[in-house]
> 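The structure's right below; bear with me while I get my questions together.
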Amino acid sequence: MEVIITEEEQIGSLVADEIQQLLAGKPEAVLGLATGSSPLHVYDELARRTAEGEMSFARARGFTLDEYVGLPSWHPCSYRTVIDEELVSRVDFAPDAVRALDGSAADLAEACAEYERGIEAAGGVDLQILGIGTDGHIAFNEPGSSFASRTRVKTLTAQTRRDNARFFGGEVDAVPRHCVTQGLGTIMQARRIVLIAIGGGKAEAVHHLVEGAVSAKWPGTILQHHPHVTLVVDEAAASRLQFADYYRYVYAYRDAVGEAPAA
Ligand code: F6R
């Protein structure tokens, strides 16, 4: 796993560079789109670059990760609304190019199965953007999630509901108890994964993700088994990494392989 420790202000352009490079080589690429606060700098930077004509999403497609059960898609806190506001409406995706899970479907199991089929029909996710919860969840795969899981209904932990109450006017009771989420097995099929973590509240989850034992207790640890993951974190989120100096050193010399040794 590549670990990049940087200033929060640099995260947007670092990750946008990856996406811009992907779309330059594969304009029809499929993006996996996280919601929540972690990717906001990236989406701001993508909107800016699109407005400046530096990149285009005209042929790209996208899939969001998860959705609350019971919120209609127009609800201000639904992830459909969030991704539309934070990214889709600010770049040049074709209409309907970004799909989101339907948390108010009459048959949630069928909606989840159909979502899996949609990802497969699109050729799979080329680059998945992830955040991580303070309890180690990725998408809404809470502790105890099967590493083989596919898109399905899950129950949010009390901690996740408390953490996300800030999006619901501070009202924990307003945060739905259930969600639909891509599974860990689904996420692991993305060809490339970029996970963003910002702030000291994520430090413990980040430590386990990179340096802990792979365990259902910290679901994000499954990413240790993925061949191409980049973790982009600020200093606070990196504060519990035991090998932080080594990761900084690796990053500083990332382009130096093959250089002649200094005389
Ligand atoms: C959101 C998602 C979640 C968030 C995580 C961190 O689509 O999948 O896993 O990435 O809860 O949330 P923030 O970024 O708001 O701290």
Side-chain angles (χ1 to χ4, degrees), residues 8 11-12 15 31-44 62-69 71 73 75-88 98-103 112 115 119 125 127-145 149-170 172 175-188 190 193-206 208-209 218-223 229-234 236-238:
E8 183 178 345
I11 291 178
V15 180
L31 302 171
L33 301 166
T35 44
S37 41
S38 303
L40 293 181
H41 295 302
V42 178
Y43 296 160
D44 286 347
F63 289 86
T64 59
L65 278 171
D66 41 18
E67 183 58 280
Y68 295 106
V69 166
L71 293 191
S73 59
H75 191 284
C77 295
S78 85
Y79 283 159
R80 171 80 260 180
T81 302
V82 170
I83 201 65
D84 284 348
E85 284 179 357
E86 301 296 353
L87 182 67
V88 178
V98 174
R99 289 194 51 186
L101 275 155
D102 181 0
C112 291
Y115 204 67
I119 295 172
V125 171
L127 190 152
Q128 175 67 57
I129 299 169
L130 291 178
I132 189 165
T134 57
D135 66 358
H137 69 230
I138 52 172
F140 274 146
N141 294 282
E142 299 284 29
S145 293
S149 53
R150 312 302 304 192
T151 305
R152 70 216 184 287
V153 176
K154 285 291 287 182
T155 306
L156 296 172
T157 61
Q159 187 173 333
T160 297
R161 292 180 75 222
R162 277 196 302 277
D163 288 347
N164 286 9
R166 70 191 193 281
F167 299 116
F168 289 80
V172 179
V175 182
R177 284 196 164 71
H178 295 97
C179 61
V180 277
T181 179
Q182 287 191 32
L184 294 171
T186 317
I187 293 168
M188 286 292 283
I193 294 178
V194 177
L195 187 147
I196 301 159
I198 300 168
K202 302 292 174 71
E204 190 183 10
V206 165
H208 286 284
L209 172 69
W218 294 94
T221 56
I222 184 66
L223 298 180
V229 177
T230 302
L231 180 62
V232 187
V233 291
D234 71 347

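Position 1 is the first residue of the sequence, and the numbers go up from there. Every number for a ligand or one of its atoms is a count from 1 in the order of the listing.
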> Tell me the protein heavy atom at minimum distance from atom 10 (O) of ligand 1, and give that distance in Å.
Gly131 CA, 3.3 Å
> Closer than 4.0 Å to some heavy atom of Gly36 - which atoms of ligand 1 meet that?
14 (O), 15 (O)
> Ignoring hydrogens and angles, tell me if any N or O in the side chain of Glu67 forms a donor-acceptor pair with the backbone of Arg80 under 3.5 Å.
yes
> Would you mind running through ligand 1 and noting each atom that sits below 4.0 Å from a heavy atom of Lys202?
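With Lys202 as reference, the close atoms of ligand 1 come out as 6 (C), 13 (P), 16 (O).
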> Are Ile222 and Ile138 close enough that some pair of their side-chain heavy atoms sits under 4.5 Å apart?
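When only atoms from C-beta onward are counted, Ile138 and Ile222 do touch, with a gap below 4.5 Å.
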> Could you find the nearest protein heavy atom to atom 9 (O) of ligand 1 and give me its residue, atom name and distance?
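It is Ala139 O, 2.7 Å.
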> How far is atom 5 (C) of ligand 1 from its nearest protein heavy atom, and which residue and atom is that?
His137 NE2, 3.4 Å
> With heavy atoms under 4.0 Å as the rule, classify the contact between Glu142 and ligand 1 as side chain, backbone, both or neither.
neither
> Output the list of atoms in ligand 1 that are nearer than 4.0 Å to some heavy atom of Ser37, sorted by atom number.
13 (P), 14 (O), 15 (O), 16 (O)
> So which protein heavy atom does atom 8 (O) of ligand 1 come closest to, and at what separation?
Asp66 OD2, 2.7 Å
> Would you call Arg166 a ligand 1 contact, heavy-atom distance under 4.0 Å?
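Contact check Arg166 vs ligand 1: positive.
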> Hey, does the side chain of Ser78 reach the backbone of Ser73 with a donor-acceptor pair shorter than 3.5 angstrom?
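Yes, because the side chain of Ser78 sits within donor-acceptor range (under 3.5 Å) of the backbone of Ser73.
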> Considering only protein heavy atoms, which is closest to atom 6 (C) of ligand 1, and at what distance to one decimal place?
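Closest protein heavy atom to atom 6 (C) of ligand 1: Ile132 O, 3.4 Å.
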> Relative to the heavy atoms of Leu65, which atoms of ligand 1 are at a distance of less than 4.0 Å?
8 (O)
> Scan side-chain atoms only and decide if Thr134 and Gln159 contain a donor-acceptor pair under the 3.5 Å cut-off.
yes
> Is the backbone N or O of Glu142 less than 3.5 Å from a side-chain atom of Lys154, with the two atoms forming a donor-acceptor pair by type?
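Side chain of Lys154 to backbone of Glu142, a donor-acceptor pair under 3.5 Å: no, none is there.
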> So which heavy atom on Ala34 is nearest to which on Ile83, and how close?
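Heavy-atom minimum between the residues: O-CD1, 4.0 Å.
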> Taking Tyr115 for the side chain and Arg99 for the main chain, is one N or O donor matched with an acceptor at less than 3.5 Å?
yes
> Does any N or O of ligand 1 fall below 3.5 Å from an N or O anywhere on Thr35, backbone included?
yes
> Minimum heavy-atom separation for Gly131 to Leu195, with atom names?
O-CD1, 3.9 Å
> List the closest protein heavy-atom neighbour of atom 14 (O) of ligand 1: residue, atom name, distance to the nearest 0.1 Å.
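The protein heavy atom lying closest is Ser38 OG, 2.5 Å.
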> For the residue pair Tyr79 and Tyr68, does the interplanar ring angle fall in the parallel (under 30°), tilted (30 to 60°) or perpendicular (over 60°) class?
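Correct class here is tilted.
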> Is Ile196 touching ligand 1 with its side chain, its backbone, both, or neither, if touching means heavy atoms under 4.0 Å apart?
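For Ile196, there is no contact with ligand 1 at all, from either part.
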> Report yes if Asn164 has an N/O atom closer than 3.5 Å to an N/O atom of ligand 1; otherwise report no.
no
> When you compare ligand 1 with Ile138, is there at least one nitrogen or oxygen pair between them that comes in under 3.5 angstrom?
no
> Counting N and O atoms only, with roles assigned by atom type, does the side chain of Asp66 sit under 3.5 Å from a partner on the main chain of Gln182, one being a donor and the other an acceptor?
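Not confirmed, Asp66 side chain does not pair with Gln182 backbone.
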